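Quick notes on the structure that follows.
Heavy-atom basis, side chains included; hydrogens, waters and symmetry copies ignored. Remember, predicted model here, so these are calculated numbers, not experimental data.
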Number of protein chains: 2
Amino acid sequence: MGIVKERYKMKFAKLSVMRLFQYKDFLIRAKSIGIKNLFSDDLAEAMGTTSTQVRKDFSLFGLSGNKRAGYNIDDLLEQLNELLGKNEKQRVVIVGAGNIGRALMKYSGFYKEGLEIVALFDSDINNYNASANPPVLPLESLYEFICKYKIEIGVIAVPYHAAQQVLDIMILAGIKGVMNFAPIALKSPKDFYINDVNLKLELESVAYFVKALKMEQEEQTNDV
Amino acid sequence: MGIVKERYKMKFAKLSVMRLFQYKDFLIRAKSIGIKNLFSDDLAEAMGTTSTQVRKDFSLFGLSGNKRAGYNIDDLLEQLNELLGKNEKQRVVIVGAGNIGRALMKYSGFYKEGLEIVALFDSDINNYNASANPPVLPLESLYEFICKYKIEIGVIAVPYHAAQQVLDIMILAGIKGVMNFAPIALKSPKDFYINDVNLKLELESVAYFVKALKMEQEEQTNDV
DNA sequence: TGGTTAACGTGAAAATATTCACAAAACCAT
DNA sequence: ATGGTTTTGTGAATATTTTCACGTTAACCA
Ligand SMILES: NC(=O)c1ccc[n+]([C@@H]2O[C@H](COP(=O)([O-])OP(=O)(O)OC[C@H]3O[C@@H](n4cnc5c(N)ncnc54)[C@H](O)[C@@H]3O)[C@@H](O)[C@H]2O)c1
Ligand SMILES: NC(=O)c1ccc[n+]([C@@H]2O[C@H](COP(=O)([O-])OP(=O)(O)OC[C@H]3O[C@@H](n4cnc5c(N)ncnc54)[C@H](O)[C@@H]3O)[C@@H](O)[C@H]2O)c1
């Protein structure tokens with residue numbers, strides 16, 4: 001019964017999962033500057049949330065600390081790594097070696113967390129570079145590559161009109177989840193995970209909320 | 001009373017706002033291929049949501065269509081542009097001319113939506129390029145630039161240890177909201193809007209949920 | 001050593017977000 | 001015109017997430 005409940009939570013508490021990853025990053029940093037223990041208050045302060053939220057997140061996933069002494073960073077990190085699966089290395093392919101694809105490729109932070117970008121794929125012959133590390137390969141070899149190396153994670157960084165076609169190849173070849181930068185709602189089987197990252201939307205929304213804040217202030221000034 | 005309610009909703013229905021921007025993008029595309037009208041079902045299908053969600057979002061913001069005839073794209077786009085503020089041009093500065101900063105700079109899609117990237121700033125002299133368009137300028141000129149051109153929107157694309165210091169300059173100079181790529185919780189006044197975009201987190205979470213899906217399937221196979 | 005108390009852990013309550021269910025309007029066919 | 005059908009618009013219900021409130025417990029202190 002308890003286990004079923006846990007599974008259920010794991011499936012639905014998406015936002016908690018996201019926060020756990022963030023807690024982990026902060027803990028790694030705290031550890032690196034010599035901190036050994038901290039309280040839920042400290043974590044909350046660093047993460048811009050509340051101590052209740054921190055403890056609730058931990059509670060949902062069965063992570064525990066010590067009454068009055070807070071959390072031991074080493075213990076907590078061990079539990080988090082277990083839970084979040086740092087220990088298995090995950091290989092990732094990126095399709096689209098343009099602005100975004102290359103930016104991700106050059107970022108070194110993924111590797112530390114067990115995510116290895118093993119290859120990029122592009123349809124433009126001018127972008128091929130088989131001897132680079134990671135290599136940029138022709139789109140035509142995508143299917144075979146995924147099958148051969150049993151890749152499960154992909155990134156879609158192609159223009160929106162090519163995104164579904166790329167995804168279809170990935171699904172057929174055995175990929176189970178993607179991070180998608182193309183601004184389009186992709187179709188996939190139910191047991192496939194898509195994480196849409198729409199950077200235009202993210203920036204537009206900043207402009208919107210800035211305007212909204214401004215209007216709110218004007219209103220308050222005009223009131224009373 | 002009605003207006004107050006609307007304002008309240010505008011402030012809190014963040015996810016609805018985000019979806020409105022997405023509806024808008026889809027409508028622009030639909031219009032460009034000659035479509036004149038569509039139903040909430042069509043929109044829902046294209047966006048990967050439900051028609052109820054679409055109508056509810058519209059309802060919250062007072063957007064309306066025609067019973068039985070659905071929505072006229074031109075009308076709807078006009079209302080959306082009014083609401084989401086396409087009509088004002090917004091100038092944006094990016095701090096950090098590295099992988100992410102440059103990827104954003106090269107993306108042409110912002111301009112169409114009234115977002116103009118007017119300059120990048122960096123602390124590394126090797127990245128300066130005052131004659132490029134947009135120019136890459138020294139960090140030292142950031143404060144003055146923002147003040148001079150009354151910029152309100154910023155992007156933070158620097159390493160995490162530099163992010164707060166960059167934000168502090170921006171706040172002081174009059175910026176009102178940022179999109180932040182640095183994986184750290186930034187401190188800002190209450191009337192400042194921060195949109196955190198944590199790409200490592202987004203990719204890690206794909207790996208996590210793929211694993212979670214797999215475990216779920218295994219469980220189902222073992223059950224019965 | 002036993003009382004104090006700071007901090008955790010977690011049900012219950014509140015706030016948000018989504019989905020349901022259906023009335024009302026618009027169009028169509030007759 | 002009239003009845004049937006389609007689609008919108010929206011309160012009410014449900015689901016999810018966050019916050020509150022407080023019991024519990026282990027560390028510290030006198
Ligand atoms: N760069 C940004 O800041 C930004 C912002 C918002 C959204 N996006 C979205 O992210 C995606 C990628 O953007 P970008 O700026 O990197 O684009 P880009 O044009 O720089 O790169 C796209 C790459 O995909 C390749 N490509 C095209 N069709 C392909 C196919 N069928 N298979 C394989 N490769 C193919 C192209 O050759 C190109 O190298 C786009 O969907 C874009 O809308 C990007
Ligand atoms: N590239 C990615 O795929 C990726 C993925 C996840 C997170 N991020 C985050 O996004 C941010 C930017 O990443 P990136 O890959 O573009 O990094 P980058 O190292 O390529 O670029 C950072 C740029 O910021 C400049 N800089 C450093 N300190 C500065 C300061 N005080 N003021 C102005 N400029 C300064 C550097 O000179 C450099 O040009 C980082 O915080 C990183 O953690 C990036």
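Nucleic acid contact class of A:Ser64 (heavy atoms, under 4.0 Å, all strands): sugar-phosphate only. Contact annotation for A:Asp41: no contact, since no heavy-atom pair falls under 4.0 Å across all strands.
One can place CZ of B:Phe58 at 10 Å from P of D:dT8, the figure rounded to the nearest angstrom. Between B:Leu63 atom CG and D:dT10 atom C1' there is a gap of 14 Å when expressed in whole angstrom units. Distance, B:Lys56 NZ to C:dT16 C1': 12 Å, rounded to whole Å. Nucleotide C:dA7 holds its C1' atom 13 Å from the CG atom of A:Leu38, rounded to whole Å. Whole-Å rounding puts the B:Lys14 NZ to C:dA17 P distance at 10 Å. Atoms CG (A:Leu15) and P (C:dT16) sit 15 Å apart, rounded to a whole Å. For B:Arg68 and D:dT6, the CZ to P distance is 7 Å, given to the nearest whole Å. In this structure, CZ of A:Phe39 is placed 16 Å from P of D:dA26, rounded to the nearest angstrom.
The closest side-chain donor-acceptor pair between A:Asn198 and A:Glu202, if any, does not fall under 3.5 angstrom. With 3.5 Å as the limit, one finds a donor-acceptor pair spanning the side chains of A:Tyr23 and A:Asp57.
Heavy-atom contacts from other residues, nucleotides or ligands closer than 6.0 Å to CD of B:Glu116 number more than 12. Atom NZ of A:Lys31 is surrounded by 12 or fewer heavy atoms from other residues, nucleotides or ligands within 6.0 Å.
Partner A:Leu186 forms a side-chain contact (heavy atoms from CB on, under 4.5 Å) with one of A:Ile156, A:Asp168, A:Val166, A:Ile171 and no other, that one being A:Ile156.
Here A:Arg55 does not reach the OP1 or OP2 of D:dA21: none of its side-chain N or O atoms lies under 4.0 Å away. Between A:Ser59 and C:dT10, a side-chain N or O to OP1/OP2 separation shorter than 4.0 Å is present. The phosphate of D:dT17 has neither OP1 nor OP2 within less than 4.0 Å of any side-chain N or O from A:Gln53. Distances shown here put a side-chain N or O of A:Ser40 below 4.0 Å from the OP1 or OP2 atom of C:dC8.
From B:Thr49, atom OG1 reaches atom CD of B:Gln22 across 9.5 Å, with rounding to the nearest 0.5 Å.
Listed candidates were D:dA26, D:dG9, C:dT10. Nearest to the side chain of B:Lys67 is D:dG9.
Residues from residues 69-77 of chain A that place a heavy atom under 4.0 Å from any atom of DNA chain C, listed by number: A:Gly70, A:Tyr71.
Between A:Phe209 and B:Tyr193, the ring planes lie parallel to each other; the angle is under 30°, not in the 30° to 60° tilted range.
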